Amino acid sequence: MIRKNYINNRWQEAKNVKTFSVENPFTEEIIAEVPNSSPIDVDNAVSAAKSAWKKWKLLGSLDMRDLLREVAVKSRAHDREIASIITAESGKPLIECLDEIEWVASIFEYYSEIGRDQRGRVVAPVTPRSMSMVVKEPYGVVGCIVPWNYPLLLMAWKVAPALAAGNTVVVKPSEITPLSILHWLKVACDHLPKGIINAITGYGETGAALVQHPDTRAVAFTGSVETGKKIAAMAAKQLKKTSLELGGNDPIIICDDVDIEIAAKGTAWGGLLNAGQVCTSLERVFVMESIAEAFIEAVVEETKHVRLGDPMEGQTDMGPMVSKAQLKKVEEKVKRAHTEGARLLFGGRRSKKFKKGYFYKPTVFDRVSSKMEMMNVETFGPIIPIQKVKNLDEAIELANNSQYGLGCNIYTNDMEKALTAADDIKAGSFWINDPLTDNEAAPFGGMKMSGGGRELGIEGLDEFRESKHILIDYQIRKKDYWFPYNLDAGRKT
Ligand code: NAD
């Protein structure tokens with residue numbers, strides 16, 4: 001099946017007619033060909049978005065609300081078919097993909113409301129009988145570059161607030177998972193005015209052309225630190241606004257006052273959700289010495305019961321990894337962990353249960369240290385490394401000993417410990433007794449090398465608006481502080 005780019009609400013072939021293949025990581029079959037878009041295609045999409053912007057930015061708030069709400073309604077109405085496509089292209093279990101669509105719908109609902117509620121403010125004027133207004137206005141055309149692990153959700157985190165703020169967008173899906181976005185555009189966005197959402201498929205070069213296009217005034221990116229740095233450097237040449245949501249190596253701290261079984265279940269889920277391919281996956285587990293043996297045993301037990309299988313099946317906990325390349329990266333990382341002296345407690349290899357599919361067994365290590373690669377560099381795989389610590393101070397120090405600062409988690413019943421850790425650990429999200437739970441009304445994003453900018457919440461809307469001060473004097477009148485100056489008379493406003 002050959003897919004096309006979506007420009008001006010029409011399906012268009014790439015000008016160079018080149019395509020590339022999309023693979024199902026469970027069956028290892030090619031499921032579609034999509035355009036490998038050139039800078040000419042990028043230019044067409046940006047031009048469409050630029051023309052559409054002239055009307056879209058002036059749309060009344062009620063019309064805007066209704067159009068965005070309709071996206072939510074249609075997304076839910078087509079949830080099963082869109083979710084099946086995400087599963088087919090990514091290997092993520094269908095249940096997680098249905099959940100992803102529900103999040104997409106609720107994000108469109110959320111921004112349909114706050115987009116019309118938070119337009120700016122009036123501040124005290126510096127002269128009598130006048131008014132100062134701070135107005136938030138859209139940038140224009142926004143380039144949205146998306147990764148493969150939550151293809152639709154991470155697109156929605158950008159597109160919904162960007163549109164609600166009055167921008168139009170060009171989306172560049174990941175080359176690994178472009179199909180769900182294309183299908184969603186067909187079934188959930190066909191009522192939107194021409195050109196406000198456009199999508200062009202391609203590799204990094206297509207993304208780079210979008211970043212460098214002079215008419216994209218802002219770029220919202222989610223992906224790796226490496227690509228984030230390249231985008232920041234390209235955008236800096238045109239002093240273009242960027243929002244960068246990058247990688248992590250998130251810690252979880254397990255205190256000694258917890259229900260060990262629940263903490264172990266939460267840790268296994270947070271480490272293995274979507275085969276560990278989540279930016280906020282639990283990648284460093286710090287457990288207090290006094291409960292370490294029991295906790296480690298419980299995590300291993302949980303991990304043994306994780307059911308690998310066909311991601312379309314309702315009883316599958318973990319599907320294959322997204323690609324052969326991602327599987328290889330994890331294999332190499334595990335090999336190096338062995339060499340560095342970590343102790344393997346479970347897994348540590350590909351699953352032999354399946355003839356096809358990029359399955360890696362859920363894996364648990366202990367005897368790890370902060371000197372080892374997996375405790376320093378994001379793995380993005382189903383690996384749970386556990387390190388014993390003496391006390392909370394040591395856990396906080398190790399949690400902070402990282403180039404990343406995306407999320408951090410803690411299990412404890414002691415709120416003094418929890419909030420001390422929340423105060424002292426540099427991370428954009430801090431979850432107490434509830435790993436990895438986002439809230440569309442609260443900001444999400446990273447500190448340190450995990451990026452800059454925030455998605456979700458009012459902060460997520462502000463990423464797509466710039467402030468303008470409008471000052472109004474009620475009358476046209478001469479001001480005392482104009483020429484000619486007279487120092488002795490003092491300066492009056
Ligand atoms: P990636 O950086 O390889 O690719 C992301 C997107 O950028 C893709 O669409 C890709 O085609 C595009 N791209 C690549 N090179 C480019 C360039 N030079 N210019 C413009 N665009 C370019 O990341 P990935 O492998 O798709 O995703 C995994 C990474 O994403 C992980 O590091 C993960 O932690 C991170 N991530 C972060 C968050 C977050 O919110 N912080 C969420 C999910 C994933």
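Whatever order the structure lists ligands and atoms in, that order sets their numbers, starting from 1. This one's a predicted model, so the numbers in the text were calculated from it and none came from an experiment.
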Please list every donor-acceptor pair under 3.5 Å in which a side-chain atom of residues 143-155 meets a protein atom from a residue at least two apart or in another chain.
residue	atom	partner	partner atom	Å
Asn149	ND2	Gln277	O	3.2

Electrostatic pair Arg465:Glu137 at N-O distance under 4.0 angstrom: no
Does ligand 1 have any atom that is closer than 4.0 Å to a heavy atom of Gly446? no
Atom 40 (O) of ligand 1: the protein heavy-atom neighbour that sits closest, reported with distance to 0.1 Å: Phe444 CE2, 3.2 Å
Taking only Lys NZ, Arg NE, NH1 and NH2, and the carboxylate oxygens of Asp or Glu, determine whether Arg336 and Glu373 approach each other closer than 4.0 Å. yes
Residue-level breakdown please: for Glu378 versus ligand 1, do any non-hydrogen atoms fall below 4.0 Å on the side chain, on the backbone, on both, or on neither? side chain
Looking at atom 41 (N) of ligand 1, what's its closest protein heavy atom, distance included? Leu246 O, 2.6 Å
So between Tyr404, Phe380, Phe221, whose heavy atom ends up nearest atom 5 (C) of ligand 1? Phe221
So, Arg284 and Asp250, do they make that salt bridge, N to O below 4.0 Å? no
Would you mind listing which atoms of ligand 1 come within a distance below 4.0 Å of any non-hydrogen atom of Thr222? 5 (C), 36 (N), 37 (C), 38 (C), 39 (C), 40 (O), 42 (C), 43 (C), 44 (C)
Would you mind listing which atoms of ligand 1 come within a distance below 4.0 Å of any non-hydrogen atom of Leu406? 41 (N)
Report, one line per pair, each donor and acceptor closer than 3.5 Å where one atom sits in a side chain of residues 217-225; sequence neighbours left out.
residue	atom	partner	partner atom	Å
Thr222	OG1	Lys158	NZ	2.6
Ser224	OG	Thr227	N	3.3
Ser224	OG	Thr227	OG1	3.0

With a 4.0 Å cut-off on heavy atoms, does Pro173 reach ligand 1? yes
Who gets closest to atom 27 (O) of ligand 1 by heavy atom: Gly445, Gly202, Pro147, Gly228? Pro147
In ligand 1, which numbered atoms sit nearer than 4.0 Å to a non-hydrogen atom of Ser174? 9 (O)
Which segment of Ser450 sits under 4.0 Å of ligand 1 when only heavy atoms are counted: neither
Derivation and outcome, side chain to side chain donor-acceptor pair (under 3.5 Å), residues Ser38 and Asp41: CA-CA 5 Å; Ser38 67; Asp41 304 301; 3.0 Å; yes
Output the list of atoms in ligand 1 that are nearer than 4.0 Å to some heavy atom of Ile231, sorted by atom number. 19 (N), 20 (C), 21 (N)
Which of the ligand 1 atoms, numbered from 1, are nearer than 4.0 Å to a heavy atom of Ala208: 19 (N), 20 (C)
Residue Tyr203 vicinity, atoms of ligand 1 by number, heavy atom under 4.0 Å: 11 (O)
Below 4.0 angstrom, N of the basic side chain to O of the carboxylate: do Glu331 and Arg350 qualify? yes
Considering only protein heavy atoms, which is closest to atom 36 (N) of ligand 1, and at what distance to one decimal place? Cys279 CB, 3.6 Å
Which ligand 1 atoms does Val146 reach within 4.0 Å, using its non-hydrogen atoms? 6 (C), 8 (C), 9 (O)
Search all heavy atoms of Ala275 against all heavy atoms of Pro320 and return the closest pair with its distance. CB-O, 4.5 Å
Can you pull out the closest protein heavy atom to atom 17 (C) of ligand 1? Residue, atom name and distance to 0.1 Å, please. Gly204 O, 3.6 Å
Structural part of Met234 in contact with ligand 1, heavy atom criterion under 4.0 angstrom: side chain
Would one find an N or O of Asn149, backbone or side chain, under 3.5 Å from an N or O of ligand 1? no
Tell me the protein heavy atom at minimum distance from atom 12 (C) of ligand 1, and give that distance in Å. Ile145 CG2, 3.7 Å
Hey, is Asp215 close enough to Lys50 for a salt bridge, meaning N to O under 4.0 Å? yes
Please list the nearest protein heavy atom to atom 15 (N) of ligand 1 with its residue and the distance rounded to 0.1 Å. Thr227 CG2, 3.3 Å
Does a side-chain heavy-atom distance below 4.5 Å link Val170 with Ile200? yes
Is Glu33 paired with Lys4 through a side-chain N to carboxylate O contact shorter than 4.0 Å? no
Decide yes or no on side chain to side chain donor-acceptor pair (under 3.5 Å) for Lys92 and Thr87, but give the supporting numbers first. CA-CA 5 Å; Lys92 185 160 54 180; Thr87 296; over 6 Å; no
Return yes or no for this condition: an N or O of Trp148 is under 3.5 Å from an N or O of ligand 1. yes
Where ligand 1 meets Leu154 - atom numbers and elements under 4.0 angstrom, heavy-atom basis: 42 (C), 43 (C)
Using a plain distance cutoff, I'd like to know if Ser224 has any nitrogen or oxygen under 3.5 Å from a nitrogen or oxygen of ligand 1. yes
Could you tell me the residue and atom name of the protein heavy atom closest to atom 21 (N) of ligand 1, and the distance to it rounded to 0.1 Å? Gly207 CA, 3.7 Å
Between Ile176 and ligand 1, which part of the residue brings a heavy atom under 4.0 Å of the ligand: side chain, backbone, both or neither? neither
Ligand 1 contacted by Tyr150 (non-hydrogen, < 4.0 Å): no
In terms of side-chain geometry, is the basic nitrogen of Glu113 or Arg69 positioned less than 4.0 Å from the acidic oxygen of its partner? yes
Of the protein's non-hydrogen atoms, which lies at the shortest distance from atom 35 (C) of ligand 1, and what is that distance? Gly223 O, 3.2 Å
Taking C-beta and beyond as the side chain, do Val285 and Phe365 meet within less than 4.5 Å on heavy atoms? no
Would you call Lys74 and Asp190 a salt bridge, using N to O less than 4.0 angstrom? yes
Does the side chain to side chain donor-acceptor pair (under 3.5 Å) test come out yes or no for Glu89 and Thr177, once each step is laid out? CA-CA 6 Å; Glu89 63 187 355; Thr177 54; 4.6 Å; no
